[in-house]
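Written below as structure tokens is the structure these notes are about.
Chain A is the first sequence line, chain B the second, and so forth, proteins listed ahead of strands; every chain is numbered from 1.
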There are 2 protein chains.
Amino acid sequence: MSTTLDVEKLLRGASLRVTRPRVAALTAVYEHPHADTESIIGAVRENFGEVSHQAVYDVLRALTTAGLVRRIQPSGSVARYESRVGDNHHHVVCRSCGVVADVDCAVGTTPCLTASDDHDFAIDEAEVTYWGLCPDCSTALGS
Amino acid sequence: MSTTLDVEKLLRGASLRVTRPRVAALTAVYEHPHADTESIIGAVRENFGEVSHQAVYDVLRALTTAGLVRRIQPSGSVARYESRVGDNHHHVVCRSCGVVADVDCAVGTTPCLTASDDHDFAIDEAEVTYWGLCPDCSTALGS
DNA sequence: CCATTTTCTTGAATCAGTCAAGAATCCAGC
DNA sequence: GCTGGATTCTTGACTGATTCAAGAAAATGG
């Protein structure tokens with residue numbers, strides 16, 4: 001778990017000013033991986049008191065731009081954020097409840113990054129989303 | 001290119017009623033791959049006269065559910081539709097202009113479908129999105 | 001401690017997509 | 001061909017995530 005000081009260092013390291021909303025939001029992302037914006041706003045308010053939702057949106061965008069958090073948004077879902085960045089990992093998403101779990105890349109270090117025909121695009125990332133049912137929904141829905 | 005009759009057969013084959021808005025929408029998806037809902041509404045109105053946007057939303061959902069079209073929605077984009085279904089292909093998305101192109105799967109018939117740790121999810125699909133810059137944006141932005 | 005710049009608050013706006021109720025349409029069966 | 005019943009379309013309002021804008025507050029360098 002990251003302490004407040006660690007979070008401060010991360011922010012300064014990214015040339016970002018250290019403010020309460022930022023510390024709180026970044027901490028919340030670390031503590032609640034794959035949380036949506038609304039949940040993060042809730043977590044921030046629990047730990048640090050009232051903060052405007054706009055501030056959290058701004059902070060999350062700044063953190064994403066700085067590369068301190070990653071934003072993911074599976075089809076039909078709202079934006080979610082996670083602190084695991086820099087490694088090449090992917091996600092499994094439950095079609096029923098929308099829960100997200102991490103999946104390490106199955107094919108080496110720069111996996112799947114070779115498209116069969118790249119149409120002359122300059123590709124810099126291959127994002128893999130696995131779709132299915134989580135164990136709970138599987139049990140609830142299946143036989 | 002599909003004729004009206006072909007489209008009719010597709011609809012009947014999927015046990016869907018054949019209505020003008022449906023024929024028009026399905027035709028539009030065939031003629032404009034990766035078009036967003038707004039564009040499809042526009043195309044439908046050009047070919048068949050006024051249709052409510054609600055009807056197009058309903059039709060696209062019905063077609064998607066029936067498996068006649070596929071809905072894709074890259075992060076930060078609105079929903080887009082394509083008629084290529086059933087084959088396992090993926091997409092390249094331009095980070096700058098949002099244009100989408102098809103990419104055949106690089107790794108065989110059920111590609112990338114093997115997650116390194118599936119967290120006991122019952123996975124039924126692996127969706128790959130390649131991110132980068134299209135040739136045009138590459139030229140416009142890069143040196 | 002001050003000035004400058006960035007960030008936060010407040011409040012309104014946008015936009016894709018959805019909900020709901022009634023009118024129109026499709027199609028199976030006569 | 002008509003008719004009944006179910007599905008689909010029209011109209012119009014609404015939701016909810018996200019963004020815009022302007023001024024107040026706070027953080028950092030000097």
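- Atom-to-atom, CD of Q54(B) to P of dA20(C) comes out at 11 Å; the value is rounded to the nearest Å.
- Atom pair D58(A):CG and dT9(C):P shows a separation of 10 Å (rounding to whole Å applied).
- Whole-Å rounding puts the I41(A) CD1 to dT18(D) P distance at 9 Å.
- To the nearest 0.5 angstrom, H119(A) atom NE2 is 11.0 Å from Y130(B) atom OH.
- Applying the 6.0 Å contact sphere to CZ of R84(A) captures more than 12 heavy atoms from other residues, nucleotides or ligands.
- The six-membered or imidazole ring of H32(B) lies away from that of H34(B), with a centre-to-centre distance of 6.0 Å or more.
- The CZ-C1' distance, from R71(A) to dT19(D), rounds to 11 Å in whole Å.
- For S52(A) and Q73(B), each mapped to the nucleotide of DNA chain C holding its nearest heavy atom, the one lying further toward the 5' end belongs to S52(A).
- Look at T19(A) and you won't find any side-chain N or O under 4.0 angstrom from OP1 or OP2 of dT6(C).
- The interatomic distance linking Y81(A) (OH) with dT18(D) (C1') rounds to 9 Å, in whole Å.
- The phosphate of dA17(D) has neither OP1 nor OP2 within less than 4.0 Å of any side-chain N or O from T37(A).
- For R22(A) against dT7(C), a side-chain-to-base donor-acceptor contact under 3.5 Å is absent.
- Per the geometry, CD1 belonging to I40(B) stands 13 Å off P belonging to dA16(C), to the nearest Å.
- Considering D58(B), L60(B), V59(B) in turn, L60(B) is the only one that fulfils the side-chain contact (heavy atoms from CB on, under 4.5 Å) rule with V56(B).
- Residue contacts for A79(A): at a heavy-atom cut-off of 4.0 Å it reaches the sugar-phosphate backbone alone, with no base atom in range.
- Between R20(A) and Y57(B), the residue anchored nearer the 5' end of DNA chain C, judged by the nucleotide with its closest heavy atom, is R20(A).
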